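Atom set for the values below is all heavy atoms of this structure, side chains included, hydrogens, waters and symmetry mates excluded. Fair warning: this is a prediction, and the values are worked out from it, not measured in the lab. The residues of the chain are indexed from 1 along the displayed sequence.
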Amino acid sequence: MADEVPSPSAASTATAPLGSSVISLVNRLQDIFARVGSQSTIDLPQVAVVGSQSSGKSSVLEALVGRDFLPRGNDICTRRPLVLQLVQTKRKPDNDEYGEFLHLPGRKFHDFSEIRREIQAETDREAGGNKGVSDKQIRLKIFSPNVLDITLVDLPGITKVPVGDQPSDIEARIRTMIMSYIKTPTCLILAVTPANSDLANSDALQMAGIADPDGNRTIGVITKLDIMDRGTDARNLLLGKVIPLRLGYVGVVNRSQEDIQINRSIKDALVAEENFFRNRPVYNGLADSCGVPQLAKKLNQILAQHIKAVLPGLRARISTSLVAVAKEHASYGEITESKAGQGALLLNILSKYCEAFSSMLEGKNEMSTSELSGGARIHYIFQSIFVKSLEEVDPCEDLTDDDIRTAIQNATGPKSALFVPEVPFEVLVRRQISRLLDPSLQCARFIYDELIKISHRCMVTELQRFPFLRKRMDEVIGNFLREGLEPSENMIAHLIEMEMDYINTSHPNFIGGSKALEIAAQQTKSSRVAIPVSRQKDALESDKGSASERSVKSRAILARQANGVVPDPVCNCVLFN
C-alpha cells in the first residue's frame, strides 16, 4: 500500500548518502559487466519500465530527466532496451548537463537532441529502419544536477498488431523480452498504466503480476490523469484499493501531443502538473502519490533500499565469481612477451598436443566406461564392423545358373562348345570381387571420422588460453586427415583392382577342374563300395550290353549346336565352386 512508504522528504534526507553511493556502485558494475559480457551470470538491481504502447512511458522518463531526449512518433518508438543511468552532479554556475553512451566512450553529448538522434541511429543499426525490434541494449548515462541517482531500463512497449518489418509474433517476442528482465528477484518493476483505461486490463500490471505475484517489487504509475472522463477520478487507484501493491502507486500528468508539438518545456509541464493536483480536491491527502518529483524521490529511495537488501547476496555471488575467474586465470599461465618465449610456448603446446593424441590412440589417457574411444574404437572398427561387413558379402549373390549358362554361351561365339571356356569364369568372378570395394571404403571413412574425434578430444590445458590457436589447429589437422583420406581410398581401390586382374587358381582352397574330377571320382568310388558284389556283376554286364548305345549318344551330344550346351552340376562345381 502507498501508506506503508515513508514520506519523500524524510526518506530523501535519511537515504541520500546511501542512494548516492550504492546506486553509483551498481552503475559501475553494470558498465563493467556490459563490457565483458557477464550480465547473464550476476543479476544487478535495476528498475524496468513496463507498459503498453502509448501508455506514456517515454514522457515519464523525460519528466524524470527534465529534458527531451527520447525518439517520438505515432508508432512504436522504443525498439531496443534503453538502460538509462541518471547521475546527480554538483551544481555549477554553468549548470552543465550532458549524456554519454557506453558504445561511444569519451564522447559527451551536451545537446539532448543529438542524444535522440544517436538513440535512433543506434536502434536502426541493430533493429533496422522499419519498426524492427532487438533485445540488444543501448546504455546511456545522463549527468545533471537536476536528477536523482536512478537506474532505469526502458523496455519496448507491448504492441498487438505487427507493423513494418515486425514479425507476426511481435507481441509474444516483446513479452518474452520484458519477462527476461522483470522475472529476476533483483529487478524492480515500474508498471506504467494510463488512467483512461481499465486497470484490470493493464498489460503492465498483468505481466508484473506474473513475475511478482506478491507485489513486493512493483511500483504502479498512473498516467494521463488529466484526460479521464468527467466525473471520474483515480483516487481509489492511487490508494491501491483496486489492485494492491506493497510499494504503492504514483499519479502523473504528462505533456499532451499538442504540448510536444508546440515545444512546451518540461519545466512548464511540471508546473501545470502541480496546479492540476492542487486544484483537484479529490487528490488532497495524496501529496506523496502525485507528481513526477514525488515519483523520482520514491524511485531513488526504493532503489537504494532494494540495493541495500540484496547487497549481501550480490557480494557473495561476485566473490564466488571472482574466485572462479582467478582460478581460471591462474590456469592460463604467465604471459610471454618475447618472440623466443612465444615460440617456445607454441612448441611446448604442440608437443603436449601430440602426446595427448598418441595417448588416446594407445589407451593411456583417462579411460571412459561408457563408450569405446581412441585406439580401442579403431580396433573395434577393423575387427568387428569391417570383418562383419565382409562376411555379409555372399560370393554367390546375384549369380544364378542362367547367368553362368549365358556367359558360357557368349564366350563360345558362333562355334559349338566342346569344353567350358575360362573367360566367363573370370568375368563372373571379377564382378563378385568388386563387391568388396564398398565395405572397404566405408571402413576407411569410419577410421577418418574417429581420428577427427580424437583430435577434437585432445584437451591440452595451455590451449584454453588461445581459442584461435585451437581453432586453427583443428582446421589444419582436419585438412591433413582429409588429404590422407583420398590416397587411402585410391589405394583400397587399387588393391581391389589387383585382385580382379589376377585370379589365383593355384591357391590350395581353390577347386579347379582336376581337383573337381578327383572329388567326383572319390564320391563315385565310395558309392560303388556300398553296392553288393552280385549287383556289381549285373551292372558290368549291363554296361557291356549298352556300350554301343553310349557311343551313339556321345556322338550325338558332341554334334549339338552351341546354344544347346547345358553344363551339368559337376561342371558348375569345377568352374565356380
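- With salt bridges taken as basic N to acidic carboxylate O contacts below 4.0 Å, none links E114 and K108.
- Contact between P45 and V26 at its shortest, heavy atoms only, is O-CG1, 3.5 Å.
- Contact of the P281 side chain with the N284 side chain is registered, since non-hydrogen atoms from C-beta on lie closer than 4.5 Å.
- Residues S256 and D259 bring a donor and an acceptor atom of their side chains to less than 3.5 Å of each other.
- Counting heavy atoms from C-beta on, the side chains of Y181 and V49 never come closer than 4.5 Å.
- Of all the heavy atoms in A234 and L225, the pair that sits closest is CB-CD2, 3.4 Å.
- Looking at D212, its side chain never comes within 3.5 Å of a backbone N or O of A208 through a donor-acceptor pair.
- Within the 4.5 Å cutoff, the side chain of L245 has heavy atoms near those of the L205 side chain.
- Shortest non-hydrogen contact noted between T223 and V60 is CG2-CG2, 3.8 Å.
- Taking a cutoff of 4.0 Å between a charged side-chain nitrogen and a carboxylate oxygen, D214 and R246 do not qualify as a salt bridge.
- Residue Q46 holds its CD atom at 10.0 Å from CG of N27, rounded to the nearest 0.5 Å.
- Across every non-hydrogen atom of A200 and I243, the tightest pair is CA-CD1, 4.3 Å.
- The existence of a salt bridge linking D68 and R255 is confirmed by a sub-4.0 Å separation between a basic side-chain nitrogen and an acidic carboxylate oxygen.
- Using modelled atom types, no side-chain atom of R235 and backbone atom of L286 make a donor-acceptor pair closer than 3.5 Å.
- Using a distance-only test at 3.5 Å, with no hydrogens or angles considered, no donor-acceptor pair links the side chain of Q88 to the main chain of D149.
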Given side-chain contact (heavy atoms from CB on, under 4.5 Å), test L270 with K267 step by step and report yes or no. CA-CA 5 Å; L270 293 177; K267 182 178 180 181; 5.7 Å; no
Go through the steps for D203 and M207 under the test side-chain contact (heavy atoms from CB on, under 4.5 Å), then give the verdict. CA-CA 6 Å; D203 292 326; M207 295 197 67; 5.6 Å; no
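- How far CD of Q206 is from CD1 of I210: 5.5 Å, rounded to the nearest 0.5 Å.
- In this structure, the side chains of L70 and L82 come closer than 4.5 Å at one or more pairs of heavy atoms.
- Closest of all the heavy-atom pairs between T193 and S202 is OG1-OG, 2.7 Å.
- Two residues are said to be in side-chain contact when any heavy atoms from C-beta on lie closer than 4.5 Å; L469 and L346 meet this criterion.
- Checked by atom type and distance alone, the side chain of K298 pairs as donor or acceptor with a backbone atom of L247 at under 3.5 Å.
- Residues R67 and I115 fail the side-chain proximity criterion, which asks for heavy atoms closer than 4.5 Å.
- The shortest distance between side-chain heavy atoms of L314 and T186 does not fall below 4.5 Å.
- Each of F101, Y98, F69 was scored for a ring-ring contact (aromatic ring centres under 6.0 Å, His included) with F109, with one residue passing: F101.
- Side-chain atoms of R80 come within 3.5 Å of backbone N or O of K136 as a donor-acceptor pair.
- Using a 3.5 Å distance cut-off with no hydrogens or angles, the side chains of T78 and D154 do pair a donor with an acceptor.
- Taking CG of L86 as the reference point, atom CG of L140 lies at 8.5 Å (rounded to 0.5 Å).
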Show, in sequence, the C-alpha distance, side-chain angles and deciding distance for H306 and V47, and conclude whether the side-chain contact (heavy atoms from CB on, under 4.5 Å) test is met. CA-CA 10 Å; H306 182 65; V47 180; over 6 Å; no
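- The backbone N or O of V22 sits nowhere less than 3.5 Å from a side-chain atom of K308 that would complete a donor-acceptor pair.
- Annotation: side chain of T151 is in contact with side chain of Q30 (closest heavy-atom distance under 4.5 Å).
- Taking the six-membered ring where the residue is Trp, Y283 and F277 present perpendicular rings, their angle passing 60° and hence far from 30°.
- R472 has a carboxylate O that lies under 4.0 Å from a charged side-chain N of E475, or vice versa, which qualifies the two as a salt bridge.
- Classification of R79 and D124 as a salt-bridged pair holds, one side-chain N sitting under 4.0 Å from a carboxylate O.
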side-chain contact (heavy atoms from CB on, under 4.5 Å) between T123 and E126, worked out: CA-CA 5 Å; T123 300; E126 184 67 27; over 6 Å; no
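- One distance of note links OG of S134 with CZ of R173; it measures 11.0 Å at 0.5 Å rounding.
- For H456 and D474, the side-chain atoms include no donor-acceptor pair closer than 3.5 Å.
- Taking CD1 of I158 as the start and CD1 of I170 as the end, the distance is 11.5 Å to the nearest 0.5 Å.
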I'd like to know whether E355 forms a salt bridge (Lys or Arg N to Asp or Glu O under 4.0 Å) with K352, so could you lay out the CA-CA distance, the side-chain angles of the two residues, the decisive distance to 0.1 Å, and finally the verdict. CA-CA 5 Å; E355 292 176 0; K352 289 186 176 181; over 6 Å; no
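- In terms of modelled atom types and a separation under 3.5 Å, the side chain of T218 and the main chain of G215 share no donor-acceptor contact.
- The line from CD1 of I142 to CG of L84 is 5.0 Å long, rounded to the nearest 0.5 Å.
- Of the possible polar contacts, one joining the S180 side chain to the M177 backbone as a donor-acceptor pair under 3.5 Å is found.
- Side chain of Y249 to backbone of N236: no donor-acceptor contact under 3.5 angstrom is found.
- Taking both residues in full, the closest heavy atoms of P162 and S168 are given as CG-CA, 4.1 Å, listed atom of the first, atom of the second, then distance.
- The closest donor-acceptor contact from the side chain of N479 to the backbone of V476 lies at 3.5 Å or more, if one exists at all.
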